[in-house]
Structure formats: C-alpha cells, structure tokens
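Below you'll find the structure, written out as structure tokens, and then a few comments.
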Amino acid sequence: MSTAAQRMQVLVVGAGYAGATAAVRLAGRAAGRVDVTVVNPRPGFVNRLRLHHVAVGQRVAAPALATMLGAGVWFVEGQVTDLGLDTGRAVVAGPGGPRTVRYDRLVLATGSTTEVPVPGGEHAHAVGDIGAARRLRHALDGVAAGADVAVVGGGFTGLETVGELAEHRPDLRVRLVTAGEVGGWFPPRGAAHVRRTLATLGVEAVGGRRVAAVEPDRVLLDDGDALPAALMVWCGGFVAPSLAWNAGLAVDERGAVLTDTRLRSVTHDHVLAVGDAGHAPAPGGGRYSMSCQYAFPSAAHAADLLVAEALGTPDTRPLDLGFTARVVSLGRHHAVLQPTDRRDTARGRAITGRAALATKWFQVRGTVSAIGLERRFPGVVHWPHADAGDHADAGAVTPAVAAGSAS
C-alpha cells in the first residue's frame, strides 16, 4: 500500500460543476495513488444554472459539499489567498483561521463572476455568483409596482434572467438591452420565437444598443439616449477571479488561465485549469464557451490526465470536445432547444414546446446528479467529440495578458 508521501497530492480550488467533477473522478479512478483536497469558500454546492431562480426567490437546493464529494475527498471550507506556486503550499483562510495545504498538482476550478465594464457599475446587480443573486433577490423585493427594470446582455444568461424576472414580476416594465440582435445567436426561426416569447412575457426588446454608463435610476446608451431603470441587472462581462493573476500565472483578458490543449498552464506545467477558470484553445481558434457543457468535460479530462500521471502512464491527449445542442429557458413555461454543430454554432431548426422544456428541466436538475453518479461510478461522465480534423486547428495559446505579480 502506498504511503501519503508516495501518493500524489492534488489540490482542487473551487467546487462548482468543474471542481466537484474533477475531484470525485480523480479520487475514484486513481487506485489509491492520489490524495485529493478541495477548497471552496462555501460548504454548500451552488447550482449555477439556477442562479436566476435564486434571484426571484425560488428555493434552490444547496447540498453539502462534504457529502457530495464523498469520503475519498478531503473538503476544506475557506478562501485560497495564496497559491504558493513555487512552494506547493497554498494558504487558505477559513472559519478556523489560516492554514496551509500542500500539493504536487493544482487544479484551478474557480469559475467566473460578473464584471460591469462601464462607469457606475456599482449601481448594477448581477446573477454571476450566489452572493450577487441573493442581493438581486432582496433588491427586487424592494422595487415598486410599475417601475422600470433593465436587463443588459442578450446571451443565454440575459435571456433566462429577463424571462424569469418578467414572469415573476408582471407588474414591472422589463426591458432587455443588448448590443446585438435579440436572439441573434439562433437561426432566424429560433430568433423569431425568442422575440415572440419575450413579447408574450411583456418584455420590451431593445437590440442594437450599447450601455455606456449606469446611474442609480437609469442606464445611459452610447448614442446619448437614456432608459429609466429603478433596477438594472448586468448579464455579461464574465471574468475569472484574480487569484490566478495574482499568483503569477499567465491569463487572458478575462483572467482565465491560459492553457495548452491538455489543460495545463502554459507557464506552470503542474497547474491545470478547468471550466470558466481556464482558457484552452478550441478547434477553429478562440476558446471554448464558458458553460457547463465545457465545465464537465474539461474537469473529467483533467482528472484522467492526473490519474494517468499518478499511475505512471502519462497521457498527452488533448481535450477532444464537440457540442451538440444548446437549450435556453424563457421563464418557467417556455424554452428553446437549438441543435449545434461540433464547434457550438447553431444549425438546423430550433425545438420548442414540451420537448425543450423537458430538456431544460433535465439540464438544471441533472448537474448535481451527474456529480453523484461520477462519485459512485468513476468514469461515467462522457461527452461528444469534435469532428475529425478539428484538432489540427487548435494550436498553442499565445498569452494575451502577461502573468500577474506574485507579490
């Protein structure tokens, strides 16, 4: 039997979709060759796909992470304040005071949060993390009937948030403001369905307009116009926490760790970054989308690479990930399921009605179940692969932002 000194020590920072999946898969497949420690600021799991539900006061389960991760993973509640890249000793500030956690390999799964990149951002609310969603819930409770609410951002987060707010508070005048066409990611029929559904919910769609600044009672547009807003919700500008930058890792303009196709940092080979915390080169250029569709496969792939390393059979395969579909909810009674190609570009006809609603229901509730299944049956998480030849397009990532200061 291997001793603790012989086993690889792996520290996973963050316990969302990516961090929890990486931890349980690694612990379950490593045949006793790896000790896994997970550090997370909260003791409960956050189902990020349901943060807009939290924002309108719906009850969303937060299972205890210590139970979710199981006996094979050591869970530490706290905030990592220093990664200790040169020493292999991270500093954690927790309820019991500061402590040090030793590691040989580090998996960053810190997720992302919302940054408002315009003047007056302090007046905006968001749903990018659990704290922001709870603050929005309290602010929404204080908004009087008949008031104006603006949701900024026409991506999936913006669409789901504006639909939920409009359905929950039909007594408000709700607007969706986006720089592009409303529903523009979808093909024409899907986009038209999105706009019709928003109109049915009483949402005024304001497309092709950019917000230049936020004030306490209005949003200012870049063409000089202003829209009244007793409450404004920003649903774009997702960025990774500053932990990686502060530690000296090379990151992109959003703070995500720049990695190779094996998910290893381009500057620190003993560090892997998964989910929103990492920027791996995707086939065709750019990065994989910040989504649970990337979080689960990237986490599972990182765990498999570490298992192979611990077992003495190094694996250098790149992440092989393709996409099949996207689904977005528009309130509790409407959804759109859009098939995609392997590179995550919408194609074909959108699916609506009960089939789309059922798919969305399965997605938002199946994430927690998927982690539990992975803990009980390590290796069960699988994902679609990219089209043949795509990986030839995925070259090395050139640092877009220099490494941060470690001081």
Side-chain angles (χ1 to χ4, degrees), residues 14 16-18 46 48-49 51-52 54-55 108-137 139-140 149-165 174-185 205-216 218-223 226-227 229 231-246 251-258 273 275-279 282 286-295 326 328 344 400-401 404:
Y17 303 140
V46 174
R48 186 163 178 169
L49 286 175
L51 287 179
H52 56 291
V54 173
L108 285 179
T110 49
S112 63
T113 188
T114 302
E115 179 181 86
V116 183
V118 298
E122 66 274 12
H123 302 301
H125 287 272
V127 291
D129 57 74
I130 187 65
R134 288 170 175 166
R135 290 191 293 274
L136 174 56
R137 181 189 65 199
L140 185 63
V149 172
V151 175
V152 178
F156 278 30
T157 301
L159 291 174
E160 295 196 330
T161 300
V162 77
E164 203 68 40
L165 291 179
V174 181
R175 294 183 179 88
L176 176 66
V177 184
T178 177
E181 178 188 2
V182 176
W185 178 84
V206 183
R209 312 292 290 277
R210 291 185 179 274
V211 172
V214 182
E215 294 183 351
R218 63 179 184 167
V219 293
L220 305 180
L221 306 180
D222 60 358
D223 59 6
L227 297 173
L231 181 71
M232 197 276 273
V233 187
W234 194 276
C235 292
F238 292 111
V239 298
S242 61
L243 180 64
W245 161 265
N246 292 338
V251 300
D252 68 7
E253 68 281 355
R254 294 188 181 184
V257 177
L258 291 169
D276 290 0
H279 176 152
R287 67 176 291 181
Y288 288 102
S289 61
M290 302 169 83
S291 66
C292 66
Q293 287 184 310
Y294 176 64
R326 292 278 191 147
V328 58
D344 203 26
V401 178

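As the structure is a prediction and not an experimental result, all values here were calculated from the model. Positions are given from 1, in the same order as the sequence printed here.
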Give the C-alpha distance, both sets of side-chain angles, the deciding distance and a yes or no for side chain to side chain donor-acceptor pair (under 3.5 Å) between S112 and R48. CA-CA 10 Å; S112 63; R48 186 163 178 169; 3.1 Å; yes
Test item: L49 and C292 side chains (from C-beta on) under 4.5 Å apart, heavy atoms: yes
When you compare the side chain of L140 with that of L231, does any pair of heavy atoms fall below 4.5 Å? yes
Compare every heavy atom of V54 with every heavy atom of A133, then report the nearest pair and how far apart it is. CB-CG1, 4.0 Å
Is the closest side-chain heavy-atom distance between V149 and R175 below 4.5 Å? no
Parallel, tilted or perpendicular: ring planes of Y294 versus Y288, cut at 30 and 60 degrees: parallel
Just to verify, which of V177, V151, V182 counts as forming a side-chain contact (heavy atoms from CB on, under 4.5 Å) with V162? V151
Residue list, side chain to side chain contact (heavy atoms under 4.5 Å, CB included) with T114, at least two apart or on another chain: A126, W234, F238
Is any side-chain heavy atom of V118 closer than 4.5 Å to a side-chain heavy atom of L220? no
With the side chain counted from C-beta on, respond yes when M232 and P216 share a heavy-atom pair under 4.5 Å apart, and no when they do not. no
Over 12 foreign heavy atoms within 6.0 Å of CZ, R134: no
Under 3.5 Å, is there a donor-acceptor pair between the side chain of R287 and the main chain of G278? yes
Only one of V206, V152, T161, L159 clears side-chain contact (heavy atoms from CB on, under 4.5 Å) with L176; which? L159
Can you tell me how far apart CZ (F156) and SG (C235) are? Round to the nearest 0.5 Å. 13.5 Å
Once rounded to the nearest 0.5 Å, what's the spacing between atom OH of Y17 and atom CG of D276? 10.5 Å
Please examine the side chains of E115 and R254, heavy atoms only from C-beta on, and report whether any two atoms are closer than 4.5 Å. no
For V257 and H279, what are the C-alpha separation, side-chain angles and deciding distance, and is it a side chain to side chain contact (heavy atoms under 4.5 Å, CB included)? CA-CA 6 Å; V257 177; H279 176 152; over 6 Å; no
Considering only heavy atoms from C-beta outward, does the side chain of T157 approach that of V127 to under 4.5 Å? yes
Residue pair R326, Q293: steps toward the side chain to side chain contact (heavy atoms under 4.5 Å, CB included) verdict: CA-CA 9 Å; R326 292 278 191 147; Q293 287 184 310; 3.1 Å; yes
Does the pair V328 and E160 meet the rule for a side chain to side chain contact (heavy atoms under 4.5 Å, CB included), with working shown? CA-CA 7 Å; V328 58; E160 295 196 330; 3.4 Å; yes
